[in-house]
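Accompanying notes for the structure given below.
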Amino acid sequence: MPLDRAAGLEGYSRMLRIRKFEEAIIAHHPVGHLSIGHEGAIVGACMALRDDDYVTGTHRSHGHPIGKGADLRPLMAEIFGKRTGICKGLGGSMHLTDTSLGLIGESAIVGGGIPLATGAGLSIQVRRTDQVSLCFFGDGAANEGTFHESLNMAAVWKLPVIYFCENNGYAVTTSVEKSHGQPDVARRADGYGMPGIIVDGQDIEAVHAATAEAVARARAGKGPTLIEAKTYRFDEHSNRLAIPIKYREEEEVAHWRAARDPITLYRDVLAARGLRAELDAVEAAVAKMVEEAVQFAKDSPEPEMQDLIDSMFSNPVHFPADAGIA
Amino acid sequence: MPLDRAAGLEGYSRMLRIRKFEEAIIAHHPVGHLSIGHEGAIVGACMALRDDDYVTGTHRSHGHPIGKGADLRPLMAEIFGKRTGICKGLGGSMHLTDTSLGLIGESAIVGGGIPLATGAGLSIQVRRTDQVSLCFFGDGAANEGTFHESLNMAAVWKLPVIYFCENNGYAVTTSVEKSHGQPDVARRADGYGMPGIIVDGQDIEAVHAATAEAVARARAGKGPTLIEAKTYRFDEHSNRLAIPIKYREEEEVAHWRAARDPITLYRDVLAARGLRAELDAVEAAVAKMVEEAVQFAKDSPEPEMQDLIDSMFSNPVHFPADAGIA
Amino acid sequence: MLNSTTKLSYLQAIVEAHREEMRRDETVILMGEDIAVYGAQSLFDEFDEGRLRNCPLSELGFTGVGVGAALTGLRPIVDLTIASFLYLASDQIINQAAKLRFMTGGQLKVPLVVRASTFYNNRTAAQHADRPYPLMMNVPGLKILAPSCASDAKGLLKSAVRDDDPVLFFEDITLWGKKEEVPVDEDHLVPIGKADVKRAGTDVTIVAFAGSVPPALAAAELLAKDGIEAEVVDLRTLLPMDKETILGSVAKTGRLVIVDNSHRVGSVASEIAAVVADEGFESLRKPIRRVTAPAVHVPYNQALERSLFPDKNKVAAAVRTLL
Amino acid sequence: MLNSTTKLSYLQAIVEAHREEMRRDETVILMGEDIAVYGAQSLFDEFDEGRLRNCPLSELGFTGVGVGAALTGLRPIVDLTIASFLYLASDQIINQAAKLRFMTGGQLKVPLVVRASTFYNNRTAAQHADRPYPLMMNVPGLKILAPSCASDAKGLLKSAVRDDDPVLFFEDITLWGKKEEVPVDEDHLVPIGKADVKRAGTDVTIVAFAGSVPPALAAAELLAKDGIEAEVVDLRTLLPMDKETILGSVAKTGRLVIVDNSHRVGSVASEIAAVVADEGFESLRKPIRRVTAPAVHVPYNQALERSLFPDKNKVAAAVRTLL
Ligand SMILES: Cc1ncc(C[n+]2csc(CCOP(=O)(O)OP(=O)(O)O)c2C)c(N)n1
Ligand SMILES: Cc1ncc(C[n+]2csc(CCOP(=O)(O)OP(=O)(O)O)c2C)c(N)n1
Ligand SMILES: [Mg+2]
Ligand SMILES: [Mg+2]
């Protein structure tokens with residue numbers, strides 16, 4: 001079912017925030033892995049969550065906090081490595097983790113976040129709250145042992161976890177065809193006795209509907225679901241990594257950019273629902289947000305050694321004295 | 001299809017060798033994890049292999065070399081920790097590895113042998129021989145990340161590997177029901193685009209037929225197969241580990257021992273085929289083999305530090321000089 | 001009552017620490033494979049299976065599940081059982097547990113305890129017998145404990161459960177059955193980062209921990225017969241190390257022997273030696289000796305296996321080379 | 001021809017070593033993720049995909065596949081790419097590759113090379129920037145290499161491929177682009193286990209390896225301006241260590257500074273210090289100094305990250321404390 005008017009506009013706004021945030025990164029501070037192309041999948045999933053639901057993410061970490069509704073300023077400051085960054089400039093582009101919105105770690109170790117999300121599910125079950133835990137991961141991550149071990153545990157224990165695969169068809173230069181015994185990640189769910197669902201990741205409302213259903217199952221104590229959103233990475237794997245080979249066709253990239261852009265597709269949907277004026281307002285607001293975020297980042301101070309020291313331990317012992325800090 | 005006369009008697013003999021070898025262990029040197037109850041699965045699988053095919057095994061390592069046809073004397077000497085042991089007394093009960101018959105490692109790290117067997121498959125493919133690689137592992141091992149990563153690679157690369165699960169229903173005290181999202185390991189194969197077959201592990205000829213078919217697929221370059229043999233461990237997990245809790249019903253154990261013993265079941269089959277006299281001869285021969293093996297082990301010398309030193313490196317550098325050996 | 005004690009084995013003391021902490025704080029849970037087999041069966045009488053999780057054979061996965069649970073309100077104790085399985089879980093310990101607080105600029109805390117038993121001198125051969133403490137010492141953000149007796153085991157494990165950072169707790173199966181009087185006080189804590197002088201002496205400092213403490217103490221008795229008074233420092237915490245106690249003892253004795261059951265190269269003993277060769281050099285009168293297992297794997301054959309590990313004679317002999 | 005050389009970067013030299021060894025021996029294969037991205041793309045022109053395996057994201061699995069292939073007639077080179085991913089593969093390296101020959105009483109050999117790049121000073125933050133050499137030094141059965149220049153990288157990698165034991169080969173990305181003249185001789189091998197005196201001196205010994213060699217040499221130049229002649233020993237092989245060269249140099253200088261980019265506690269530097277504090281104690285005139293990265297994680301912020309690692313000034317300052 002479609003998102004209602006307010007939710008639809010908020011969804012459009014969050015997708016646009018991701019897009020514009022990352023365009024600003026390209027313009028001002030080109031580092032890292034962009035989510036451009038994934039906005040429909042990310043925001044569709046996040047819109048099905050409450051603020052107190054947990055989320056884990058990946059090295060492609062910008063979209064997840066923005067999708068969950070995070071303030072852009074500390075995120076951009078983090079990209080710039082500043083002290084006002086969401087991680088004090090210690091984490092950086094691959095780790096935009098805003099814990100105030102339930103994010104508990106964007107893992108640059110591919111597959112590393114899958115057990116974390118599962119553990120959040122265990123915590124929810126033991127503490128008997130009605131939260132859920134949503135785990136973003138890629139098609140490449142689905143080949144890590146952590147995927148297998150985690151999904152099986154979640155299934156045995158009926159944990160309230162949604163495993164959400166952003167399947168963009170490639171892990172760096174390696175296609176799903178060349179790295180998976182068969183191409184559908186969702187088809188692996190049956191081996192764990194878990195439902196597996198495939199959804200069009202470029203259709204925010206389809207993603208939202210599928211995720212909302214999985215969230216309802218999880219809150220009802222019926223256990224985990226694996227959702228595979230078929231999506232596409234519009235840019236290179238990382239704008240810091242030179243790719244010396246051709247691993248996907250230009251036509252393929254051009255087709256997705258032109259015909260499968262989740263933002264333009266959804267703009268047309270909302271426009272058809274008579275929301276042109278509201279869309280223009282959203283676009284102006286997002287442009288302003290991103291501008292302010294960049295300015296905030298530029299104006300912010302660098303972190304100092306003391307910030308680093310303060311972030312190491314909750315209960316320091318013989319620290320920093322014995323750490324050998326010059 | 002049934003095994004022919006000679007193969008049938010050889011299969012019966014190998015099953016009996018495993019049984020009597022382990023009864024001798026209980027009597028003379030009680031260490032380790034016994035394969036009693038698994039004989040039909042192990043021998044049925046091994047009888048489908050050539051001497052030059054590779055095999056990897058597990059901590060429950062006695063059955064695999066015997067199933068492949070190994071000389072019992074060095075195996076028993078290894079159990080006794082003697083210098084004449086197949087591993088010079090350095091490996092012991094969990095590692096009875098006879099490389100002359102293609103065994104390349106019995107791993108006491110559960111799941112650790114699965115990538116090794118897969119690597120042997122890769123080697124076969126790169127060297128373009130018509131060998132195959134067979135990987136024995138347990139139901140518990142199927143929950144290790146190595147299972148997932150290895151089966152997927154074998155499927156993508158169409159490696160000549162047979163993944164053979166000895167599903168005895170338990171990992172130490174943990175039942176499949178309490179540790180697997182759904183109870184059939186073979187059902188996980190589809191997620192890798194690989195055939196998965198379930199077979200009665202107490203029926204040596206059924207196991208042989210299923211394995212022979214998978215071996216034929218592999219030799220024909222058609223890729224890997226996952227075979228799950230439903231079997232049962234008649235004794236405790238390990239006769240060196242005290243189990244303080246009740247995790248399976250006595251009736252269950254009694255039923256399998258009485259009605260599902262692969263050796264008595266097959267003896268009846270062969271007897272019905274008019275082979276009573278031959279069976280008696282096999283039993284006498286096996287009794288003698290095991291007796292000789294025990295005597296050989298008892299009469300053998302202990303290994304020395306030099307044996308240990310000689311086994312560390314193929315190309316020693318500053319060794320043993322710098323190892324700090326007293 | 002507060003000062004009364006009860007006789008417990010090292011393993012029983014560990015189980016008691018679980019019981020007391022699980023009673024005190026319902027966010028404490030135990031996870032691991034066949035946990036009942038590793039001493040915890042009596043806990044099932046008191047706590048439900050929700051807090052006593054028998055895990056599938058998925059070391060990396062369930063350790064990461066413990067980390068995720070620690071990030072979200074629980075205080076998990078993850079039992080890896082045999083320390084040789086630690087490698088499988090090492091990525092979640094090193095790249096997640098030890099780094100998440102830092103990488104999030106201090107937003108998160110990771111109150112996680114990981115238990116692992118060093119399973120040597122037990123005829124289980126090379127894939128079960130590792131003592132991998134040194135592999136984790138290089139990892140910032142971790143605390144590493146290795147007690148040598150029941151009361152330290154109980155007091156340190158309780159401190160670990162109450163600590164908000166990830167703690168590795170190494171149990172030594174050569175000590176599991178060793179009984180002694182253990183305080184019953186539920187707030188009996190042994191501080192993390194403090195060594196304990198198990199025997200006072202003036203002629204030589206012997207630093208040991210976990211299973212290397214008994215041979216160190218036995219060697220000290222041997223040496224005492226010849227009028228050599230050894231001071232035995234039980235490290236108890238490997239990371240962060242109690243440099244002050246070690247350096248203080250060496251300042252007094254001028255001689256140092258370190259006893260460590262791990263492999264010689266890159267051992268805990270090596271780190272101690274490096275610290276003293278820098279910060280304690282002026283007080284050193286003799287070379288620093290390390291009595292360790294050699295850099296070879298552990299064989300199945302029992303006599304060969306035993307011959308690899310430090311014993312009182314090897315320790316005493318090392319001391320005598322310094323006199 | 002035999003003595004002629006060609007200018008290559010450190011990474012190019014590594015790729016050339018692959019090319020030469022793959023030509024020489026068709027059982028040599030390369031496995032890893034996106035191997036073309038890590039320098040190997042030119043190999044695809046010459047060798048088929050059967051021998052150049054792009055692997056799924058399954059570090060533990062494909063490293064174990066490499067071990068299995070090594071047991072059965074191949075000589076695989078497994079590229080783990082970034083060294084921070086080594087933990088995921090550590091079980092197959094430690095429990096299988098390093099132990100299988102031993103556990104089978106010498107029946108098997110494991111001619112495996114595992115490559116890993118230390119990816120620090122590169123703004124990739126804590127989960128990418130580890131230098132985990134020390135974590136592997138405690139493992140018997142392994143050989144560990146860490147070259148500091150293109151010709152050593154080529155010669156050592158070729159020796160590693162020809163070695164019948166498992167070898168860990170650490171590349172240092174701070175050196176990847178560094179060019180120098182490299183022998184073209186296809187049998188130019190650098191022996192495993194031999195250090196190299198990169199600069200002769202009489203006043204102090206500076207031991208370094210991989211990315212810590214450039215600051216060590218730069219510090220030596222600084223010190224030379226003040227008439228202090230430092231001898232710079234490039235370890236090249238971390239395991240087994242060339243104790244003879246280190247001890248020989250310290251016997252001459254009486255002073256030792258060790259430079260190591262890994263975290264201070266349980267570092268490679270600690271092991272070297274321990275060896276010298278025992279076997280070289282008599283020649284030591286001053287404390288042993290370790291110049292290392294501190295025991296904190298690597299931050300994203302570039303200035304903070306740079307400030308953690310040894311540089312020529314820190315090394316020179318450490319030397320001056322010994323004069
Ligand atoms: C354990 C691990 N292996 C390899 C890498 C290097 N790496 C970073 S991203 C990536 C590809 C991940 O692919 P996928 O999971 O599909 O996510 P995507 O980048 O496509 O969003 C790789 C191989 C890593 N960071 N961690
Ligand atoms: C990685 C690892 N984890 C745990 C253990 C301890 N352990 C030894 S055997 C075993 C159970 C294995 O179960 P399964 O794979 O079903 O084999 P079975 O013993 O039933 O034949 C366990 C948990 C181990 N040896 N290795
Ligand atoms: Mg992808
Ligand atoms: Mg089983």
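Numbers restart at 1 for each chain; the letters A, B, ... are given by sequence-line order, proteins then strands.
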Among D:Pro56, D:Ala98, D:Gly61, residue most engaged with chain B (heavy-atom pairs, under 4.5 Å): D:Gly61
For the side chain of D:Thr72 and the backbone of B:Ser123, is there at least one donor-acceptor N/O pair under 3.5 Å apart? no
Greater than 12 external heavy atoms within 6.0 Å of D:Glu49's CD: no
Most chain D-contacting option - heavy-atom pairs closer than 4.5 Å, from B:Ala120, B:Gly91, B:Ser150, B:Ser100: B:Ala120
Between B:Gln125 and chain D, with a heavy-atom cut-off of 4.5 Å, which part of the residue counts as in contact: side chain, backbone, both or neither? side chain
Under 4.5 Å, counting heavy-atom pairs only, tell me which of D:Gln92, D:Arg101, D:Met241, D:Met103 racks up the most with chain B. D:Arg101
Contacting moiety of D:Asn54, where chain B heavy atoms sit under 4.5 Å: backbone
Can you say whether B:Phe313 sits under 4.5 Å from chain D via the side chain, the backbone, both, or neither, judging by heavy atoms? both
Taking atom CZ of D:Phe102 and atom CG of B:Asp310, what is their separation to the nearest 0.5 Å? 11.0 Å
If I take atom OG1 from residue B:Thr146 and atom CG from residue D:Asp91, how far apart are they, to the nearest 0.5 angstrom? 8.5 Å
If one checks every heavy atom of B:Leu308 against chain D at 4.5 Å, the contacting part turns out to be both
Counting heavy-atom pairs under 4.5 angstrom with chain B, the leader among D:Gly106, D:Pro191, D:Ala70, D:Ala69 is D:Ala69
Taking side chain as everything from C-beta outward and backbone as N, CA, C, O, which of these in D:Leu74 sits under 4.5 Å from a heavy atom of chain B? Side chain, backbone, both or neither. both
Heavy-atom neighbours of D:Lys243 NZ exceed 12 at 6.0 Å: yes
Going through the checks in order, is the side-chain contact (heavy atoms from CB on, under 4.5 Å) test met by D:Met31 and B:Leu122? CA-CA 11 Å; D:Met31 303 172 58; B:Leu122 177 67; 4.0 Å; yes
From D:Leu60 atom CG to B:His148 atom NE2, the distance as rounded to the nearest 0.5 Å: 12.0 Å
Might you point out which heavy atoms bring D:Gly193 and B:His318 nearest each other, and give the distance in Å? O-NE2, 2.8 Å
Spell out, as yes or no, whether a donor-acceptor pair under 3.5 Å connects the side chain of D:Asp164 to the backbone of B:Ser314. no
As an exercise, state the distance from CZ of D:Phe62 to CE of B:Met153, rounded to the nearest 0.5 Å. 7.5 Å
Reported OG1-to-CG distance for the pair D:Thr104 and B:Asp98, which is rounded to 0.5 angstrom: 10.5 Å
Specify which of B:Val126, B:Leu96, B:Thr118, B:Ile124 makes the most heavy-atom pairs with chain D at under 4.5 Å. B:Val126
If only side-chain N and O atoms count, and only distance matters, is there a donor-acceptor pair under 3.5 Å linking B:Arg127 with D:Thr27? no
Are a donor atom and an acceptor atom from the side chains of B:Thr99 and D:Gln107 found within less than 3.5 Å of each other? yes
Looking at D:Glu26, I'd like to know if its CD atom is crowded, meaning that more than 12 non-hydrogen atoms belonging to other residues, nucleotides or ligands lie closer than 6.0 Å. no
For the candidates D:Asp163, D:Leu71, D:Leu108, D:Val67, which exhibits the highest count of non-hydrogen atom pairs separated by less than 4.5 Å from chain B? D:Asp163
Side chain from CB out, backbone as N, CA, C, O: work out which of these in B:Val317 comes under 4.5 Å of a heavy atom of chain D, or both, or neither. both
If you tally heavy-atom pairs under 4.5 Å against chain D, which of B:Thr56, B:Ile109, B:Thr97 wins? B:Ile109
Between chain B and each of D:Glu244, D:Arg51, D:Lys143, count heavy-atom pairs under 4.5 Å; write down the option with the most. D:Lys143
Residue among B:Lys88, B:Glu78, B:Met94 with most heavy-atom pairs under 4.5 Å to chain D: B:Lys88
In sequence, state the C-alpha distance, the side-chain angles, and the governing distance for D:Gln96 and B:Ser107, and then conclude on side-chain contact (heavy atoms from CB on, under 4.5 Å). CA-CA 8 Å; D:Gln96 305 295 348; B:Ser107 176; 2.9 Å; yes
Which atoms of B:Asn152 are under 4.5 Å from chain D, going by heavy atoms: the side chain, the backbone, both sets, or neither? side chain
Evaluate the side-chain proximity of B:Asn315 to D:Arg162: yes if any heavy-atom separation is below 4.5 Å, no if none is. no
Counting only heavy atoms closer than 4.5 Å, note whether D:Pro76 contacts chain B via side chain, backbone, both or neither. neither
Under 4.5 Å to a heavy atom of chain B? For D:Leu112 that would be neither
